[in-house]
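Beneath this line is the structure, given in structure tokens, with notes to follow.
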2 protein chains.
Amino acid sequence: MSDKEKINTEEKILDAAKEVFTEEGKAGAKMQMIADRAGINKSLLHYYYRSKDKLFAAVFKFAFGKMASKIFTIFKSDDDFFTQLERFVENYLSILLKNPFIPMFILGELNKKHNNIAAELILKSDVNIDSFADIVQKEIQKGTIKKDIQAKNLIINILALCIFPVIAKPIIEPVVFNNKTDAYKNYIKNRKDEIVEIVYNMIKV
Amino acid sequence: MSDKEKINTEEKILDAAKEVFTEEGKAGAKMQMIADRAGINKSLLHYYYRSKDKLFAAVFKFAFGKMASKIFTIFKSDDDFFTQLERFVENYLSILLKNPFIPMFILGELNKKHNNIAAELILKSDVNIDSFADIVQKEIQKGTIKKDIQAKNLIINILALCIFPVIAKPIIEPVVFNNKTDAYKNYIKNRKDEIVEIVYNMIKV
DNA sequence: TCTACCTTTGACCGATTAGTTAAACCAAAT
DNA sequence: ATTTGGTTTAACTAATCGGTCAAAGGTAGA
């Protein structure tokens with residue numbers, strides 16, 4: 001019995017749904033595709049997740065939880081600010097490398113006009129920038145970073161530098177790295193030091 | 001007769017298709033939606049663009065051409081490197097502000113598994129990083145920028161800082177700006193100076 | 001007016017798809 | 001052995017969607 005056969009049906013469905021929804025989008029994904037990928041009958045999907053919407057919501061919840069919920073927790077440690085930033089980038093990139101499908105999955109759905117599920121989950125989530133803004137303010141008072149640094153700009157810039165290379169892979173790999181997959185992978189792996197240095201140059205006094 | 005009624009049918013269809021494909025994705029967009037949005041009969045879509053694939057390809061070609069084809073032309077001017085960079089960012093942000101739908105439209109489709117049209121168009125395009133790499137190399141030799149600057153990193157970082165805030169709007173606006181649309185718009189407008197300064201700090205010796 | 005050509009329309013078709021249903025399967029408890 | 005409960009399946013349905021077609025509308029030139 002292989003590893004995949006050991007896990008239960010519900011889990012198999014969710015894994016298959018993650019893949020298919022990401023590859024095809026919500027509308028493009030067909031319940032039959034997901035069933036085939038999970039190695040089960042289509043009716044079983046409706047047995048475990050009553051509708052396509054429900055199944056999609058389950059996948060979205062997983063993805064959004066991974067990327068957003070614990071985004072600012074690192075900044076509650078006792079490390080100095082620069083170490084915290086470095087650990088944040090490292091942590092975030094690590095999640096991205098393990099789940100490169102997540103950012104495009106989330107952004108793709110959030111950019112749709114009618115997204116009942118996605119908008120709800122964002123409001124419900126406890127993602128809050130205020131505590132991070134407080135920390136930045138304290139660093140400014142301590143004189144460790146530039147006086148005009150704004151927490152909002154800082155976090156957006158960091159996320160941009162982390163996430164963009166992942167979602168733009170299908171255009172970066174051919175145009176910048178001449179379709180050499182290894183070159184792209186290597187680039188992503190070395191990205192942490194690059195980002196940390198940029199951020200350091202951004203904020204240091 | 002309103003402005004929209006004056007333009008010809010083909011143009012009306014293309015405009016409607018841009019909107020609907022962006023809002024719903026290729027699979028999610030229905031030919032009937034596009035027809036309704038254009039204020040015409042569904043059969044007319046097939047009269048002007050024989051199939052959904054053809055119509056989608058037309059929209060993709062427009063979007064990709066806008067964002068990618070003239071991406072490196074600014075660096076062929078006689079201005080000094082820093083001025084070129086500043087003008088590049090300004091130019092790119094201006095296109096993004098006028099066509100905020102484009103990045104998500106392109107990336108959304110490129111990240112799908114089966115995208116015959118999109119991948120073709122990238123290969124056909126004359127987007128080439130080599131000339132930009134040459135310019136960067138010369139600046140290094142002149143001693144105007146850091147010795148370890150890599151053209152590939154530089155252009156990806158600039159694009160990330162320009163594009164990410166646009167595609168992540170539906171998450172930035174509620175989480176960072178408490179759903180205040182004006183605050184977000186203001187942020188985007190002031191983005192040029194922010195990016196230019198980051199890039200300056202990134203590369204200056 | 002007649003003709004020729006381009007444009008527009010409504011009715012229709014075949015294929016696909018999400019979801020239903022009733023029956024079969026299977027393991028554990030009685 | 002029988003029952004009970006959760007699990008799995010094949011067959012089916014109703015609705016939707018991309019695309020076709022034949023006919024009608026409109027317009028400019030002969």
Side-chain angles (χ1 to χ4, degrees), chain A residues 1-2 4-61 105 108-109 112-118, chain B residues 1-2 4-61 105 108-109 112-118:
Chain A
M1 202 191 280
S2 78
K4 200 152 197 176
E5 287 171 82
K6 260 188 269 179
I7 63 174
N8 64 27
T9 307
E10 201 167 339
E11 218 169 314
K12 276 198 292 186
I13 293 175
L14 207 66
D15 284 346
K18 280 178 205 168
E19 292 178 21
V20 179
F21 276 133
T22 304
E23 290 168 12
E24 312 289 340
K26 187 186 171 187
K30 311 301 174 196
M31 296 298 268
Q32 188 62 60
M33 287 186 206
I34 299 172
D36 291 347
R37 192 77 64 103
I40 54 153
N41 188 283
K42 180 164 74 85
S43 298
L44 259 187
L45 296 184
H46 290 93
Y47 177 76
Y48 282 99
Y49 302 86
R50 290 227 304 276
S51 69
K52 192 181 181 181
D53 276 341
K54 292 250 168 63
L55 178 54
F56 181 83
V59 176
F60 191 93
K61 210 167 179 179
F105 178 79
E109 284 310 314
K112 304 251 159 86
K113 264 281 160 68
H114 305 294
N115 50 347
N116 315 315
I117 319 135
Chain B
M1 202 191 277
S2 79
K4 199 150 197 177
E5 287 172 80
K6 260 188 269 179
I7 62 175
N8 64 28
T9 307
E10 202 167 339
E11 218 168 314
K12 278 197 292 186
I13 293 175
L14 207 66
D15 284 345
K18 279 177 205 169
E19 292 178 21
V20 179
F21 276 132
T22 306
E23 290 168 11
E24 312 291 339
K26 187 186 171 189
K30 312 301 173 194
M31 296 298 266
Q32 188 62 59
M33 287 187 205
I34 298 173
D36 291 346
R37 192 77 63 103
I40 55 150
N41 189 285
K42 179 164 74 89
S43 299
L44 258 187
L45 294 183
H46 292 92
Y47 177 76
Y48 283 99
Y49 303 86
R50 291 228 301 275
S51 68
K52 191 181 182 182
D53 276 341
K54 293 251 168 61
L55 178 54
F56 180 82
V59 176
F60 191 94
K61 210 168 178 178
F105 176 79
E109 286 309 315
K112 305 253 159 85
K113 263 281 162 68
H114 305 293
N115 50 346
N116 315 316
I117 319 137

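Heavy-atom basis, side chains included; hydrogens, waters and symmetry copies ignored. Letters go in sequence order (proteins before strands), and every chain restarts at 1.
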Please report, rounded to the nearest Å, how far the P atom of D:dT27 is from the CG atom of B:Asn8.
16 Å
N/O donor-acceptor pair, side chain A:Lys52 with base C:dG19, under 3.5 angstrom
no
Quickly work out the B:Gln32 CD to D:dT16 C1' distance and round it to whole Å.
11 Å
Shortest side-chain distance from A:Ser43, nucleotide among C:dT8, C:dT20, D:dT8:
C:dT20
Kindly point out which of D:dC17, D:dT9, C:dG19 is positioned nearest to the side chain of B:Lys30?
D:dC17
Looking at A:Glu24 and B:Lys26, is any side-chain nitrogen of the basic one under 4.0 Å from a carboxylate oxygen of the acidic one?
no
If you pin A:Tyr47 and B:Met31 to their nearest nucleotides in DNA chain D, which one's is more 5'?
A:Tyr47
Just checking A:Ala29: base, sugar-phosphate only, or nothing, at a heavy-atom cut-off of under 4.0 Å?
sugar-phosphate
When rounded to whole Å, the NE2 to P distance for the pair A:His46 and D:dT7 reads 17 Å
Atom-to-atom span, CD1 of B:Ile34 to P of D:dG18 - whole angstrom:
8 Å
Nearest to the side chain of A:Leu44, which nucleotide is it out of D:dT8, C:dA18, D:dG18?
D:dT8
A:Tyr48 and side chain to side chain contact (heavy atoms under 4.5 Å, CB included): which single residue from A:Ile40, A:Thr9, A:Leu55 fits?
A:Thr9
I want to confirm an ordering. Mapping A:Arg50 and A:Gly28 to their closest nucleotides on DNA chain C, which one lands closer to the 5' end?
A:Gly28
Can you tell me if A:Gln32 uses its side chain to pair, donor with acceptor, with the backbone of A:Lys42 under 3.5 Å?
no
Would you mind checking if A:Lys12 and A:Asp15 are paired as a salt bridge, meaning a charged N to carboxylate O distance below 4.0 Å?
no
Please state how far atom OH in A:Tyr49 lies from atom P in C:dA18, giving the value in whole angstrom units.
17 Å
Base, sugar-phosphate, or nothing for B:Ala35, non-hydrogen atoms under 4.0 angstrom?
nothing
Value for NZ (A:Lys18) from CZ (A:Phe105), rounded to nearest 0.5 Å, stands at 10.0 Å
Expressed as a whole number of angstroms, how long is the span from B:Asn41:CG to D:dA22:P?
17 Å
Phosphate OP1/OP2 of D:dT8: any A:Tyr48 side-chain N/O under 4.0 Å:
yes
Quickly work out the B:Glu24 CD to D:dT16 C1' distance and round it to whole Å.
15 Å
Taking the side chain of A:Thr9 as its heavy atoms from C-beta onward, which of C:dT20, C:dT9, D:dT8 lies nearest to it?
D:dT8
Take the protein atom CD1 of A:Ile40 and the nucleotide atom C1' of D:dT7, then report the distance between them rounded to whole Å.
11 Å
